[in-house]
Amino acid sequence: MAKNKSARNKNTETKKVADLQQHTENPENEFLTTNQGLKINDNQNSLKAGDRGPSLLEDFILREKITHFDHERIPERIVHARGTGAHGFFELYESMEKYTRAGFLNDTSVKTPVFARFSTVAGSRGSTDLARDVRGFSVKFYTQEGNYDLVGNNIPVFFIQDAMKFPDLVHALKPEPHNEIPQAASAHDTFWDFISLMPESMHMVMWAMSDRAIPRSYRMMEGFGVHTFRFVNEQGKSHFVKFHWKPLLGVHSVAWDEAQNISGKDPDFHRRDLWEAIETGNFPEWELGVQLIDEKDEHKFEFDLLDPTKLIPEELVPVKIIGKLTLNRNTDNFFAETEQIAFHPGHLVPGIDFTNDPLLQGRLFSYTDTQLSRLGSPNFHEIPINRPVVDIHNNQRDGHMRQMINKGQTSYEPNTLGGGCPFQAMMKKMGGFTSFLERIDAKKIRSRSKSFTDHFGQATLFFNSQSQPEKDHIVNALRFELGKVQTPAIRQRMVNLLTQVDKGLAEQVAASLGLVAGKPEMPMNHSVPADANPKDYQPRKVKSSIESSAALSMAGTLKNSIQTRKIAILAANGVDDASLAAMKKALEAKGAQTKVIAPMLGFIKSTSGKNIAVDESFLIAASVLYDAVFIPAGAASAAALKANPDALHFINEAYKHCKAIAADAEGAEVIGESYIGMNEKDKTEAGVLSGYKSANKLAADFINAIAQHRFWEREKMRKVPA
Ligand code: HDD
């Protein structure tokens, strides 16, 4: 069977590309035309009655052009409006045939084309990439059994347990309705008002306040399917499954102060990073992992598998790595591809199925509905980026912008006039989708399950699993967010709620707000079945069966690699070209990217009289856009940089954001002149490298230091005025 599938999958990628190309345009050697194909002889002037006269209504060319322009915008996504995407492929390491009949997860010879889109949630389409926010991680697999969408986030849990609360959550998060402030930020009253009344959100709040919410790159963040799904095999046997994407570059973030700076210096930071990585052949990669749970183990955990505010600690169920996603092609047209792609958790293939997670169940309605208003027609599946690579046959007809020319007399089933086509794929071997035969024997209720009442156990587990710097960042993020809240009662309710996660955390946050954390009030705010005891539905804390989970901390994900890291080389006239070239070579050999930053654009003269091209001047460059800084040898260069406030600011800021800084020979004088130099002990501090006799040793240590990503312990030492 696997063999057959493999044959069917041959050339899938080529077919998809060809499919898209039918709708692409190449204007080379072509005349400008109207949308009707009429050649245009003047695209500069409208038709007028005399050269100084009024424009004529008759000007159909002007009217066609302006009409199209007037309608260029479509409604942006209500959430996840800001994003970027790329093409790629998915390869399977090991057949999952035992667990699922999904063809693309059965046959290791199949290369499945994909399109992935990453996004923030709160901001508008033009908002900054570096907002503190959850990141969307959506992947459309163009499989031989139809499109499969895994529409996840970079956080494995969600704020709410039931889709009924989604519009409330989003209304609270979005800019406030009376003045449309603030853009792309959760640090405002309505968000925290809502959260303070929704204790179930506390686990996700911990993640959203952690550095996970300010990733260094989309290429350096995890992805999660969030809900528990099902794998169903050929025999109809089901396993519960949680999906994980693990980036091969490790999971890394920036500092909050840095994030705010990047938002000003380069609001497209993540978009640009993904684009450039693909353009330079540094294809982003993630491994797909699954946690598999036997049907019979459904109730063996202290949490409910259907509760989307819970994760399954990897210590309880290990993540099995089954394949790899590679993004290797940028879009040709952002609107046609990234903006028009329509994801939906209900785009399934045989062998993958839903569970009754009430958040997932609501999503199954929302996504098609939103595409109707965003893309304007039930024919959105005909837009090239949304088309499956397999043929579509059904009796759906007409509608706005229908592309398909359906032939024949019949558009109904059953029929004899059309030879009975298209047929139902009724027998198993025909590959039709069948829902898992789940037994449901229940009363109709509008309530939650009692198994959903633990709101704090895993919030505490997450907090306990963080390294000290990660914990400090959560405290500071909460101080920032709640500090922006204007209503004292909301701040108080929040710090009270935080006591349920961790008393120390609550006290630290409260102290900075001039408050004392007290006991939270958590009235149960929903109905319970008529025959139930409301007490059983009170929010509570169930202690996690493990104290901490290594996988929840980013600190353990260092990959000892500097692949694609951006290193700033600060230089001026009189730089020692041997010193510069040696470090550049050593860094690039390890896959890092270097840029020479100097006082002016153009060229600088080296000690040996060479002209060295400058990539950026200090006017354009900013340390927040780099991962590390190097100052080469050269007395005149060092003297010029020492006298340049922008160069010193660059170093101070890199130091403040805990980045690796290295200097060769006289380059150390520039560090000496910066804030670092004012404190003798910092010269020997981890991550600040100077005073080396051997350039090779300096390069080796610098490479190691960059691979550590950040020296967060530096934050504790002193505050740099950068
Ligand atoms: Fe959603 C978009 C992820 C809950 C309703 N969602 C959207 C996108 C992602 C997610 C990544 C952007 C897709 C893209 O790139 O185009 N959403 C999630 C996750 C959730 C979740 C991981 C919880 C586990 N979403 C959720 C609920 C609802 C929605 C409960 C409604 C009941 N989401 C939508 C939407 C969006 C959307 C309104 C906006 C644009 C779109 O669908 O295409 O339908």
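Indexing begins at 1, ligand by ligand and atom by atom, following the structure's order.
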Q: Quick one: do Phe231 and Tyr99 satisfy ring-ring contact (aromatic ring centres under 6.0 Å, His included)? Show the steps, please.
A: CA-CA 6 Å; Phe231 269 169; Tyr99 302 102; 7.1 Å; no
(Q) Does Thr368 form a side chain to side chain donor-acceptor pair (under 3.5 Å) with His344? I'd like the steps, not just the answer. (A) CA-CA 7 Å; Thr368 315; His344 182 8; 3.1 Å; yes
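Listed by atom number, the atoms of ligand 1 under 4.0 Å from Gly152 heavy atoms are 11 (C), 22 (C). In the vicinity of Gly136, heavy-atom distances shorter than 4.0 Å reach the ligand 1 atoms 11 (C). Taking every non-hydrogen atom of Leu359 and a distance limit under 4.0 Å, the qualifying atoms of ligand 1 come out as 23 (C), 24 (C), 30 (C).
Closest to atom 17 (N) of ligand 1 among all protein heavy atoms lies Tyr367 OH, 2.8 Å. The protein heavy atom nearest to atom 13 (C) of ligand 1 is Ser138 OG, 3.4 Å. Atom 14 (C) of ligand 1 has its closest protein heavy atom at Arg117 NH1, 3.2 Å. In terms of protein heavy atoms, atom 3 (C) of ligand 1 is closest to Arg363 NH2, 3.3 Å. The closest protein non-hydrogen atom to atom 38 (C) of ligand 1 is Ile78 CG2, 3.3 Å. Of the protein's heavy atoms, Arg77 NE, 2.7 Å lies nearest to atom 16 (O) of ligand 1. Protein heavy atom closest to atom 22 (C) of ligand 1, with residue, atom name and distance, is Asn153 ND2, 3.2 Å.
At a 3.5 angstrom cut-off on N or O pairs, Arg374 does not count as close to ligand 1.
For atom 10 (C) of ligand 1, the nearest non-hydrogen atom from the set His80, Met164, His227, Lys165 comes from His80. Around atom 31 (C) of ligand 1, the closest heavy atom drawn from Phe343, Phe166, Phe224 belongs to Phe166. Atom 41 (C) of ligand 1 has its nearest heavy-atom neighbour, among Asp357, Thr370, Leu150, in Thr370.
The parts of Val151 lying near ligand 1 are both backbone and side chain, judged by heavy-atom distances below 4.0 Å. When heavy-atom distances to ligand 1 are checked against a 4.0 Å cut-off, Val79 comes that close through both its backbone and its side chain. If you look at Gln371 next to ligand 1, the close heavy atoms, those under 4.0 Å, all belong to the side chain.
Not one N, O or S atom of Ser366 sits under 2.8 Å from atom 1 (Fe) of ligand 1.
Checked by atom type, the side-chain pair Arg117/Ser138 shows no donor-acceptor distance below 3.5 Å. Side chains of Ser210 and Gln466: no donor on one and acceptor on the other come within 3.5 Å.
For CD of Glu180, the number of neighbouring non-hydrogen atoms (other residues, nucleotides, ligands) closer than 6.0 Å is 12 at most. More than 12 heavy atoms of other residues, nucleotides or ligands sit less than 6.0 Å from atom CD of Glu438. Within 6.0 Å of CZ in Phe433 there are more than 12 heavy atoms belonging to other residues, nucleotides or ligands.
Here the side chains of Ile312 and Leu305 are in contact, with some heavy-atom distance below 4.5 Å.
Ring pair Phe90/Trp245 is perpendicular by interplanar angle, where above 60° counts as perpendicular and below 30° as parallel. Using bins of under 30°, 30° to 60° and over 60° for the plane-to-plane angle, the ring pair Phe243/Phe229 lands in the tilted bin.
One distance of note links NE2 of His252 with CZ of Arg216; it measures 9.5 Å at 0.5 Å rounding.
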